[in-house]
Chemist: 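Dropping a structure here in structure tokens format, bear with me for questions.
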Number of protein chains: 2
Amino acid sequence: MDMLPQGGIDRGSGVALWRQIADRLRQAIVDGEFGEEGAMPGEMALSARFAVNRHTVRAALAGLVEEGLIETVQGRGTRVRSIKRYTFPISRRTRFSEGLAGQFRDRQVTVIEETTVPASERIAAELRLAPGHPLLRLVLVSRVDGLPLSNSTNYFDAKRLGQMGAQVRETGSITRAYAALGIADYVRRSTEITARLADERERALLELKPGAVVMEARAVNDTPDGVPLQFAITAFAADRVTLSLGAPLEEPA
Amino acid sequence: MDMLPQGGIDRGSGVALWRQIADRLRQAIVDGEFGEEGAMPGEMALSARFAVNRHTVRAALAGLVEEGLIETVQGRGTRVRSIKRYTFPISRRTRFSEGLAGQFRDRQVTVIEETTVPASERIAAELRLAPGHPLLRLVLVSRVDGLPLSNSTNYFDAKRLGQMGAQVRETGSITRAYAALGIADYVRRSTEITARLADERERALLELKPGAVVMEARAVNDTPDGVPLQFAITAFAADRVTLSLGAPLEEPA
DNA sequence: TCCATTTGTCTATTTATCTAGACAACTCGA
DNA sequence: TCGAGTTGTCTAGATAAATAGACAAATGGA
């Protein structure tokens, strides 16, 4: 448990001690610090390590039990429940399902909201449309094996791609929805990544606790000859997803 | 202030109400919600909006004043201080200074630690060395215009690149340190990105408050003909940096 | 200058968190 | 079976956070 230094819990920060300990333990769990067995130090050991009362440690562990991350058994101790982290490659040819291929058995894309909105200056510029142009706005949640990984808000030219909502519902995939509308191929023009605390809606959709971190990716997809198709803002649950850039970056010759 | 819905502050989450409000306001500030003037709603309005007592709002604002993000003037109200966000492009040819070119006037790389460590299994594999091979480990902090943007831990083959520490200190740049050691060019093999709360050391080095979010990039650099040079783990302050993938991704022909 | 609006400061009470101590109940290896 | 080690539960007190109310002080527009 190298990442858990002696003490180091901040008082007066506005984050309860139990919460800070829970956050630290969660990070250690996500980082695989407790090995294959997942056996964690006992309450008294954690109490000594964090220099807090045992009850404070108990509160932290109770939080993690409630999150489903650990299980505690009286007399035996505390163990990490099996957790799964997914690596999502980002490239010019980013595809959700193909990107995660081999990492799951079942995948599901749910349309949460479908509305038509006027294009803001920013989105209009990205999609090379006039501000105010009607856009189809699709809010999606993507799950693998029942676990929500991302929540995205997607914008399409409503005049050209107004059927994307219906097609995503029918096919369960943006790639297949495009194909159904006659768009055989698309490529990622750009992606901007930042990170922050998840907001209320993201927490609800991704089943996250307050204080959870998301990586936000803002991306634009074009046809291979450069016609704008989609502007998307995607929040990935940072505890569950790693974004990977590497060898697949290079476009097939 | 669209991103600040009515109410929505969680009780019992282990994060104080004032802290949640401060986090929300900080995010709104970072997202540019308060416009060019930076004028924010008054305490009474925020109190109503978040459905908390005015003093709780005052505690939140005090936190942001202490961070230097805002200034409050009795009788006049609260304004955002000018903040700066940097966009850092990631490509095969990632270079810290060139990547941020045009976004700052002054840049500084500080060597925080220089040690020799045996290669772990993971790093040995990335650098194609034997586990236990001696590695030069350099901990760096990079600042622009005095603002710390990233904290990185870099690993080099100590036998081939043992002088990197001295050269980084002398030249203020990894690229120039490589050049001084006869390595004229290098490319990014892969990058993996995730995000989490900053740990204690990161907070100290990047001047962040408890609960701040960092984006962690794990990257490997090679020579153009594929000889491994460097394994680096970099924590970027998520409030200050956006990682950008896009047009510059394509390698010059 | 006046006054509406805003932040600043003080006192007081209630609620939440942290600490402390003690004992019960369970697990599992010797 | 015994006992060391572990988690579970209870009572109690101290400290921190949240709420409430009131009034002072400053700003800036009419």
Side-chain angles (χ1 to χ4, degrees), chain A residues 1 7-25 29 34 37-81 209-211, chain B residues 1 7-25 29 34 37-81 209-211:
Chain A
M1 206 159 62
I9 298 294
D10 302 288
R11 295 170 192 245
S13 69
V15 182
L17 299 190
W18 70 262
R19 179 57 193 273
Q20 290 180 57
I21 293 165
D23 288 344
R24 290 221 181 177
L25 291 175
I29 289 166
F34 301 116
E37 286 280 306
M40 295 173 64
E43 293 174 358
M44 293 307 295
L46 290 174
S47 167
R49 181 170 283 266
F50 289 113
V52 295
N53 186 276
R54 187 187 140 224
H55 289 283
T56 307
V57 168
R58 290 188 57 74
L61 295 176
L64 295 178
V65 167
E66 198 184 321
E67 286 179 50
L69 272 193
I70 62 172
E71 60 188 358
T72 64
V73 179
Q74 182 171 345
R76 197 172 75 188
T78 303
R79 286 178 192 281
V80 178
R81 288 188 177 203
K209 288 289 184 181
Chain B
M1 205 159 69
I9 298 294
D10 302 288
R11 295 171 190 241
S13 69
V15 183
L17 299 189
W18 71 262
R19 178 58 193 273
Q20 291 180 57
I21 293 166
D23 288 344
R24 290 222 178 174
L25 292 175
I29 289 167
F34 302 114
E37 285 280 306
M40 294 172 65
E43 294 174 356
M44 293 307 295
L46 290 174
S47 168
R49 181 171 282 271
F50 290 111
V52 295
N53 186 275
R54 187 184 140 225
H55 287 284
T56 307
V57 167
R58 288 188 58 74
L61 294 177
L64 295 178
V65 167
E66 196 184 323
E67 286 180 52
L69 272 193
I70 64 173
E71 61 188 357
T72 66
V73 179
Q74 183 170 344
R76 196 173 75 188
T78 303
R79 287 179 192 280
V80 179
R81 288 188 177 203
K209 288 289 183 178

Chemist: Quick check: does any side chain N or O of A:Thr72 sit under 3.5 Å from a backbone N or O of A:Gly77, one acting as donor and the other as acceptor?
Modeler: no
Chemist: Whole-Å distance between D:dT11 C1' and A:Asn53 CG?
Modeler: 14 Å
Chemist: Determine the minimum heavy-atom distance between B:Arg11 and B:Val52, stating which atoms define it.
Modeler: NH2-CG1, 3.8 Å
Chemist: Nearest nucleotide by nearest heavy atom, which residue falls closer to the 5' end of DNA chain D, A:Met40 or A:Gly14?
Modeler: A:Met40
Chemist: With a 4.0 Å cutoff (strictly under), does any side-chain N or O of B:Arg76 reach OP1 or OP2 of D:dG28?
Modeler: yes
Chemist: Under 4.0 Å, heavy atom to any atom of DNA chain C: which of residues 54-67 of chain B qualify?
Modeler: B:Arg54, B:His55, B:Arg58
Chemist: Report the C-alpha distance between A:Leu69 and A:Leu25 in whole Å, list the side-chain angles of each, state the deciding distance to 0.1 Å, and finish with yes or no for side chain to side chain contact (heavy atoms under 4.5 Å, CB included).
Modeler: CA-CA 10 Å; A:Leu69 272 193; A:Leu25 291 175; over 6 Å; no
Chemist: Ignoring the backbone of A:Thr72, work out which of D:dA18, D:dT7, D:dA24 is nearest its side chain.
Modeler: D:dT7
Chemist: What is the separation between atom CZ on A:Arg79 and atom C1' on D:dT7, rounded to the nearest whole Å?
Modeler: 14 Å
Chemist: For DNA chain C, note the earliest and the latest nucleotide, 5' to 3', having some atom under 4.0 Å of a heavy atom belonging to chain B.
Modeler: C:dT5 to C:dC10
Chemist: Take the protein atom CD of A:Glu71 and the nucleotide atom P of D:dG8, then report the distance between them rounded to whole Å.
Modeler: 11 Å
Chemist: Within a strict 4.5 Å, meaning less than it, do heavy atoms of the B:Ile21 and B:Leu46 side chains meet?
Modeler: no
Chemist: Step by step, work out the side chain to side chain contact (heavy atoms under 4.5 Å, CB included) result for B:Ser13 and A:Lys209.
Modeler: CA-CA 8 Å; B:Ser13 69; A:Lys209 288 289 184 181; over 6 Å; no
Chemist: With a 4.0 Å limit, can you tell me whether A:Thr78 has a side-chain N or O closer than that to the phosphate oxygens OP1/OP2 of D:dT7?
Modeler: yes
Chemist: Specify the closest pair of heavy atoms between B:Ile9 and B:Arg24, including all atoms of both residues, with the distance to one decimal.
Modeler: CD1-NE, 4.4 Å
Chemist: When you match B:Ser13 and A:Gln74 each to their closest nucleotide on DNA chain C, which lands nearer the 5' end?
Modeler: B:Ser13
Chemist: For A:Glu71, is the CD atom crowded, meaning more than 12 foreign heavy atoms sit under 6.0 Å from it?
Modeler: yes
Chemist: Testing the basics here: between B:His55 and B:Asn53, what is the closest heavy-atom pair and its distance to 0.1 Å?
Modeler: N-OD1, 2.8 Å
Chemist: Please find the pair of heavy atoms, one from B:Gln20 and one from B:Asp10, that lie closest to each other, and give the distance.
Modeler: NE2-O, 2.6 Å
